[in-house]
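Each remark here refers to the structure printed beneath this line.
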Protein chains: 2
Amino acid sequence: MTDEENRFSPETRALMGVFALYWKMDAVIDQTLLTPQMGRLEGRVLLQLDQPRRMGALAQLLLTGPPSVTAAADRLQNMGLVRRAPDPDDRRALVLQLTEQGWEMRRQLEAGASALFRQVSGLSDDEIKQFAALSMKIHDTITGTGEILKDPSQTGDKE
Amino acid sequence: MTDEENRFSPETRALMGVFALYWKMDAVIDQTLLTPQMGRLEGRVLLQLDQPRRMGALAQLLLTGPPSVTAAADRLQNMGLVRRAPDPDDRRALVLQLTEQGWEMRRQLEAGASALFRQVSGLSDDEIKQFAALSMKIHDTITGTGEILKDPSQTGDKE
DNA sequence: CATGAATATTTCATTTTATGAAGTAATTTG
DNA sequence: CAAATTACTTCATAAAATGAAATATTCATG
């Protein structure tokens with residue numbers, strides 16, 4: 001770490017790397033890994049579908065509104081990557097699940113992103129492991145709780 | 001780390017955390033830290049303006065096209081947060097620099113994001129420092145080189 | 001030093017994408 | 001069983017990204 005960079009707080013330094021990494025990955029993934037008919041949101045939906053999920057659950061996970069999920073699901077369905085199935089527990093609801101082709105696409109996406117991460121991050125295998133451990137901790141905090149903020153209006157309910 | 005999560009490669013685990021963190025931060029920042037008239041791109045421009053930068057340099061840093069930077073600069077200028085100044089080295093070029101108000105806004109943004117990071121990451125002070133060190137390494141690899149990819153058509157030139 | 005090619009930015013038209021309000025169907029409440 | 005709520009979709013609208021062309025300046029070259 002250079003002196004230049006020491007003037008930033010640890011939090012800021014953490015964010016600088018995360019943001020740079022995300023934007024770089026996002027741009028390259030969009031250009032190389034995603035088919036032209038597939039936008040960023042569709043990619044994110046694919047990644048969340050490691051298990052069947054309800055449309056509403058996806059909207060909540062992706063921090064977006066139901067109409068966006070509907071649109072993304074439509075496009076993915078047209079590409080044959082996902083299928084809408086009725087939710088046995090609630091006949092209003094639909095679960096989105098990957099087709100065989102969808103799994104293949106998702107696998108490719110994950111593999112491509114992993115390879116890209118190695119290239120772009122420049123970390124050694126050992127550093128990647130360290131980074132992964134901390135990163136996973138963050139992941140669990142975010143997905144596990146969701147209600148970190150003090151303001152109750154921000155804790156997941158949008159309507 | 002749970003057994004559940006062990007089935008993912010270190011690279012994937014690294015990315016899961018980074019993506020979750022980014023999306024969460026992005027959403028909350030947009031809702032709370034940015035003024036309504038200010039979009040995500042404007043926020044990113046502000047963060048890059050720790051020093052005056054040319055419009056083109058910003059486009060390259062932000063991985064977007066010149067028209068987007070022009071539009072963002074227009075909006076920020078209308079809010080009184082930035083100023084366009086002629087580049088002494090090249091009369092075609094303009095450098096964008098923060099006004100006093102812009103610095104204040106940027107400071108707020110950085111402080112707000114840092115505080116938010118503490119909350120959502122759930123890491124201890126010590127873990128934050130570790131994470132920051134690795135994260136900064138990634139940051140330097142990305143910003144320092146830019147030409148990591150093998151394919152020459154992807155190494156920064158868009159036209 | 002004049003001319004053509006390249007570069008920096010902007011403008012404009014177009015397409016994508018996100019957002020909000022209303023609509024339909026099913027569930028829950030009382 | 002009626003009213004209120006919830007899940008999803010549709011549609012209209014607003015916001016954002018993208019590409020092509022225009023202007024001004026610089027650079028390369030003969």
Side-chain angles (χ1 to χ4, degrees), chain A residues 23 26-31 34-45 48-49 52-79 82-97 153 156-159, chain B residues 23 26-31 34-46 48-49 52-79 82-97 156-159:
Chain A
W23 289 325
D26 185 56
V28 178
I29 287 174
D30 194 50
Q31 287 167 9
L34 266 39
T35 69
Q37 41 195 323
M38 199 160 138
R40 289 162 158 81
L41 186 60
E42 284 87 319
R44 291 178 61 189
V45 170
Q48 294 290 353
L49 287 182
R53 291 185 198 275
R54 283 158 64 144
M55 305 290 287
L58 285 170
Q60 203 166 329
L61 284 167
L62 301 174
L63 303 169
T64 186
S68 300
V69 177
T70 297
D74 287 347
R75 285 187 286 267
L76 289 170
Q77 202 166 28
N78 285 336
M79 296 182 237
V82 305
R83 177 176 33 240
R84 278 176 169 91
D87 184 328
D89 299 337
D90 187 337
R91 278 189 303 167
R92 290 170 303 180
L94 298 169
V95 293
L96 210 62
Q97 55 188 213
S153 73
D157 332 275
K158 292 211 152 184
E159 299 85 27
Chain B
W23 289 323
D26 186 56
V28 179
I29 287 174
D30 194 49
Q31 288 169 6
L34 266 37
T35 69
Q37 41 194 326
M38 199 160 137
R40 289 163 158 81
L41 186 60
E42 284 86 320
R44 291 178 60 188
V45 169
L46 236 44
Q48 293 291 352
L49 286 183
R53 291 185 197 276
R54 283 157 64 142
M55 305 290 288
L58 286 170
Q60 204 166 330
L61 283 167
L62 301 174
L63 303 169
T64 185
S68 300
V69 176
T70 297
D74 287 347
R75 284 186 287 264
L76 289 171
Q77 201 165 27
N78 286 336
M79 296 182 237
V82 304
R83 178 176 33 239
R84 277 174 169 93
D87 184 329
D89 298 338
D90 187 338
R91 280 190 301 169
R92 289 170 303 182
L94 298 169
V95 293
L96 210 62
Q97 54 189 214
D157 330 276
K158 293 211 150 181
E159 300 82 31

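Protein chains get the first letters and strands the later ones, always in sequence-line order, with residue 1 at the start of each. From a predicted model like this one, the values you see are computed outputs, not experimental measurements.
Atoms CD (A:Q37) and C1' (C:dT16) sit 15 Å apart, rounded to a whole Å. Rounding to whole angstrom units, CD of residue B:Q31 and P of C:dA18 are separated by 15 Å. Look at CG on B:L96: it is 10 Å from P on C:dT9, rounded to the nearest Å. One atom, CD of A:Q60, and another, P of D:dT6, lie 13 Å apart when rounded to the nearest Å.
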Exercise. Treat primed atoms plus P, OP1 and OP2 as sugar-phosphate and everything else as base, then score nucleotides 8-23 of chain D 5' to 3': B for base contact with protein heavy atoms under 4.0 Å, S for sugar-phosphate contact only, - for none.
Key: SBB-----SSBBB---
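Remark: B:R91 pairs with no residue by the side-chain contact (heavy atoms from CB on, under 4.5 Å) rule, at least two apart or across chains.
Side-chain atoms of A:R75 never come within 3.5 Å of backbone atoms of A:E42 as a donor-acceptor pair (strictly under, hydrogens ignored). For the pair B:T70 (side chain) and B:P66 (backbone), a donor-acceptor distance under 3.5 Å is present. Judged by distance alone, with hydrogens and angles left aside, the side-chain atoms of B:R54 form no donor-acceptor pair with the main-chain N or O of B:L96 at under 3.5 Å.
Note on B:D87: nothing from the nucleic acid sits closer than 4.0 angstrom, heavy atoms only.
Between B:P86 and B:V95, the shortest heavy-atom contact is O-CG2, 4.3 Å.
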Exercise. Test salt bridge (charged side-chain N to carboxylate O under 4.0 Å, His left out) on B:R84 and B:D74 and set out the steps.
Key: CA-CA 9 Å; B:R84 277 174 169 93; B:D74 287 347; 3.0 Å; yes
